[in-house]
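Below is one structure, written out as structure tokens, with a few remarks after it.
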Number of protein chains: 2
Amino acid sequence: MIKKKKDIRREFIIGEAAKLFKQKGYGGTSMRDLAEQVGLDAASMYHYIKSKDEILQGICFDIANTYVSQLTEIENATQSYSQKLKALVRLHIHLMTTKGPEVSVANNEWKSLSPEALTEFKSLRSQYEKRLAALIEAGAEAGEFQQVNTSVALFTLLSAIRWVELWWKPDRGITTEELENSILTILFQGLEKK
Amino acid sequence: MIKKKKDIRREFIIGEAAKLFKQKGYGGTSMRDLAEQVGLDAASMYHYIKSKDEILQGICFDIANTYVSQLTEIENATQSYSQKLKALVRLHIHLMTTKGPEVSVANNEWKSLSPEALTEFKSLRSQYEKRLAALIEAGAEAGEFQQVNTSVALFTLLSAIRWVELWWKPDRGITTEELENSILTILFQGLEKK
DNA sequence: TAATAAATCAAATGTTCGTTTGAATTTTTA
DNA sequence: TAAAAATTCAAACGAACATTTGATTTATTA
């Protein structure tokens, strides 16, 4: 037996929690709300999860680790810095369209992590930003990018795509391909026509 | 007597609330936290404010109204659509550097508004987005912008600058002028060097 | 200075929260 | 089918919350 029924239930609870946390915030979601969503009494959920905080940790660190491993792959690829950056932006967008609630929670609710988890999470994020900044810096030195402040470029890129996690639904009348292309056009070519 | 002492106290409380709401979230900030911050007993604060929700409303709608009136001014100005859009982005950035906590709260904590206020707030935001979308649409038809989906352009622009409200401090070693110029360069010229 | 108004807070109210306990029920195993 | 294990929930716990009450202190006014 590879995956126990208990684990499946547990994952279901965490998935529903992600949806609720995205919708109403971590603080705004009670364990009783979550219990109702999964069709259990609140007390019963504690057979599958240890605490509310553990759920949030699961979501946040799962996403954080995904981001880190994607960045590592790109760092090791042989492409121009411009291509690397574009590929990374695509991966970010893709993750938002496939794991919307989880990404949303990791991006917006991490402040509610317990103190120890919070420290660890901020450290992970800081490392990620440093490595990404290095990529931008290298690209600028290679003459591939405009001369703009690295931090500004870093945060503008990361921030510019954040709306996707809130906006994207399968029925928006736009494919993920179009979505990615439009965003990449604005960020790398600029909105203004030359 | 133009401004009563009571009103000044009230505004101070709301200002401190904005800082705390930004830092710890609306749900994560108790009235006791806020009382300690302003140097009063929790009960005493109720001489100056009606409720916690009223504070949040004050912050959110103050910012929302500022955005709307700024947009109205720009709509009525005689400039190219490109100039209008750039001016608006500058105003957004400027508001973040001058009213950081309030903008942060209006952007991140509006979900905690009471049901009626929430409806009103979402309506205001939706109107704002529609008018901004119309500006982008018009600029595209005038041939000033690249051919990208209007919603994508709209949200990418608005989202791209959101990090400023969290990042900007007077001692970041960058003037607001440089900050605005760098961001505008990326968004309108693109990060890639041609 | 005496009367009045404003400001303060100790104490309590009722509610909601995350979580635990312990017993009942259902499912699995031998 | 009997014993063991897993699952469920009713009930309750203590803590934290926003807010109210009522009395006390401080400032203002006549």
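Sequence lines set the chain letters: A, B, ... in the order given, protein chains first and strands last, and positions in each chain run from 1.
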Below the 4.0 Å mark, does D:dC9 have OP1 or OP2 next to a side-chain nitrogen or oxygen of A:Y46? no
What I want to check is whether the side chains of A:D53 and A:Q57 have a donor and an acceptor closer together than 3.5 Å. yes
Pairwise distance NZ(A:K111) to CZ(A:F121) - rounded to 0.5 angstrom: 12.0 Å
Between B:T176 and B:W168, is any pair of side-chain heavy atoms under 4.5 Å apart? yes
Think A:R10 has a side-chain N or O under 4.0 angstrom from the OP1 or OP2 of D:dT7? no
Yes or no on salt bridge (charged side-chain N to carboxylate O under 4.0 Å, His left out) for B:R131 and B:E75, after CA distance, side-chain angles and deciding distance? CA-CA 9 Å; B:R131 286 163 60 182; B:E75 285 172 334; 2.8 Å; yes
To the nearest Å, how far apart are B:M45 CE and C:dC9 C1'? 12 Å
Rounded to the Å, how far apart are B:K6 NZ and C:dT8 P? 10 Å
Rounded interatomic separation in angstrom, taking CG from B:L34 and P from D:dA16: 18 Å
Closest approach to the side chain of B:Y48, judged atom by atom: which nucleotide of C:dT8, D:dA18, C:dT19 is it? C:dT8
Between P on C:dG18 and CG on A:D53, what's the gap in Å once rounded to a whole number? 12 Å
Whole angstrom value for the distance that separates P of C:dA6 from CG of B:D7: 13 Å
Quick check for you: among D:dT8, C:dT21, C:dA10, whose closest atom lies nearest to any side-chain atom of A:A43? C:dT21
Between C:dA7, C:dC9, C:dG18, which nucleotide has the shortest distance from any of its atoms to the side chain of B:L40? C:dC9
From OH of A:Y26 across to C1' of C:dC17 the rounded distance in Å is 11 Å
Side chain of B:S30 only, heavy atoms from C-beta on: which candidate in C:dT8, D:dT7, D:dA18 is closest? D:dA18
Within this structure, what is the CD1-to-P distance between B:I8 and C:dA7, rounded to whole angstrom? 12 Å
So, does B:R32 get its side chain near the phosphate of C:dC9, meaning an N or O under 4.0 Å from OP1 or OP2? no
Would you kindly compare B:D41 and A:S51 by the position of their nearest DNA chain C nucleotide and give the one closer to the 5′ end? B:D41
Distance, rounded to the nearest Å, where B:R9 contributes CZ and D:dT26 contributes C1': 12 Å
Answer yes if the side chains of B:S82 and A:E192 hold a donor-acceptor pair under 3.5 Å, and no otherwise. yes
Below the 4.0 Å mark, does D:dC9 have OP1 or OP2 next to a side-chain nitrogen or oxygen of A:S44? yes
